[in-house]
Amino acid sequence: QLRYVQQIQATRFAFAAILADGSVTAWGYKPFGGACVAVQDQLRNVQQIQGTDCAFAAILADGSVVAWGAPSHGGDCSAVQDQLRKVQQIH
């Protein structure tokens, strides 16, 4: 049972929720965002989540971005990580 949920977003195959403490939990089809284990330690003080077809991106309190899910659908932002600073919104 999820409690103290602040926001929920979905891909076609998964859901992700920001909890009151700023952490994130995800569920659904793991390859398309249903598991955030690989980036779980980075998902602290999350302000916003946005889902694509098969991936999620989260903005942290410091304006950085963490992504997970299918790399070919936005689930890997490592190639542009140095440009993702002071991000305020993702659409």
Side-chain angles (χ1 to χ4, degrees):
Q1 183 175 12
L2 290 174
R3 295 176 182 254
Y4 310 110
V5 173
Q6 304 299 306
Q7 180 192 4
I8 294 180
Q9 281 287 321
T11 66
R12 284 182 59 198
F13 303 96
F15 293 93
I18 303 174
L19 306 180
D21 65 358
S23 65
V24 171
T25 188
W27 66 98
Y29 187 53
K30 293 179 182 179
F32 292 163
C36 55
V37 176
V39 294
Q40 191 74 58
D41 60 326
Q42 300 172 58
L43 293 171
R44 301 281 180 255
N45 301 311
V46 175
Q47 305 297 302
Q48 180 196 350
I49 303 173
Q50 186 65 45
T52 69
D53 206 34
C54 301
F56 291 102
I59 301 175
L60 308 185
D62 66 0
S64 62
V65 174
V66 176
W68 70 98
S72 61
H73 289 80
D76 180 0
C77 60
S78 59
V80 294
Q81 193 67 55
D82 60 331
Q83 299 172 52
L84 297 173
R85 306 251 187 263
K86 299 182 182 176
V87 176
Q88 296 178 14
Q89 268 190 328
I90 299 175
H91 292 280

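Because the structure is a prediction, the values reported are computed rather than measured.
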Minimal non-hydrogen separation, [X] against [Y], with atom names:
{"X": "Gln81", "Y": "Val65", "value": "NE2-O, 3.0 Å"}
{"X": "Ile90", "Y": "Gln48", "value": "O-NE2, 2.9 Å"}
{"X": "Ala26", "Y": "Gly33", "value": "CB-O, 3.5 Å"}
{"X": "Cys54", "Y": "Phe13", "value": "SG-CE1, 4.2 Å"}
{"X": "Ala55", "Y": "Thr11", "value": "O-CG2, 3.3 Å"}
{"X": "Phe32", "Y": "Ala70", "value": "CD2-CB, 3.6 Å"}

Between CD on residue Gln50 and CD on residue Gln7, distance to nearest 0.5 Å: 7.5 Å
Report the distance from atom CD1 of Ile49 to atom CD1 of Ile59, rounding to the nearest 0.5 Å.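 The distance works out to 10.5 Å.
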Could you name each residue pair satisfying salt bridge (Lys or Arg N to Asp or Glu O under 4.0 Å) that touches residues 30-39, not counting sequence neighbours? none
All pairs passing salt bridge (Lys or Arg N to Asp or Glu O under 4.0 Å) where residues 41-66 contributes a residue, at least two apart: Arg12-Asp53
Would you please test Phe15 and Leu2 for side chain to side chain contact (heavy atoms under 4.5 Å, CB included) and show each step? CA-CA 12 Å; Phe15 293 93; Leu2 290 174; over 6 Å; no
Please check if [X] and [Y] belong to a single hydrophobic cluster, counting links between Ile, Leu, Val, Met, Phe, Trp and Tyr side chain heavy atoms closer than 4.5 Å.
{"X": "Tyr29", "Y": "Val37", "result": "no"}
{"X": "Leu60", "Y": "Leu84", "result": "no"}
{"X": "Val46", "Y": "Ile8", "result": "no"}

Is there a side chain to side chain contact (heavy atoms under 4.5 Å, CB included) between Val24 and Trp68? Walk through the geometry before answering. CA-CA 12 Å; Val24 171; Trp68 70 98; 4.0 Å; yes
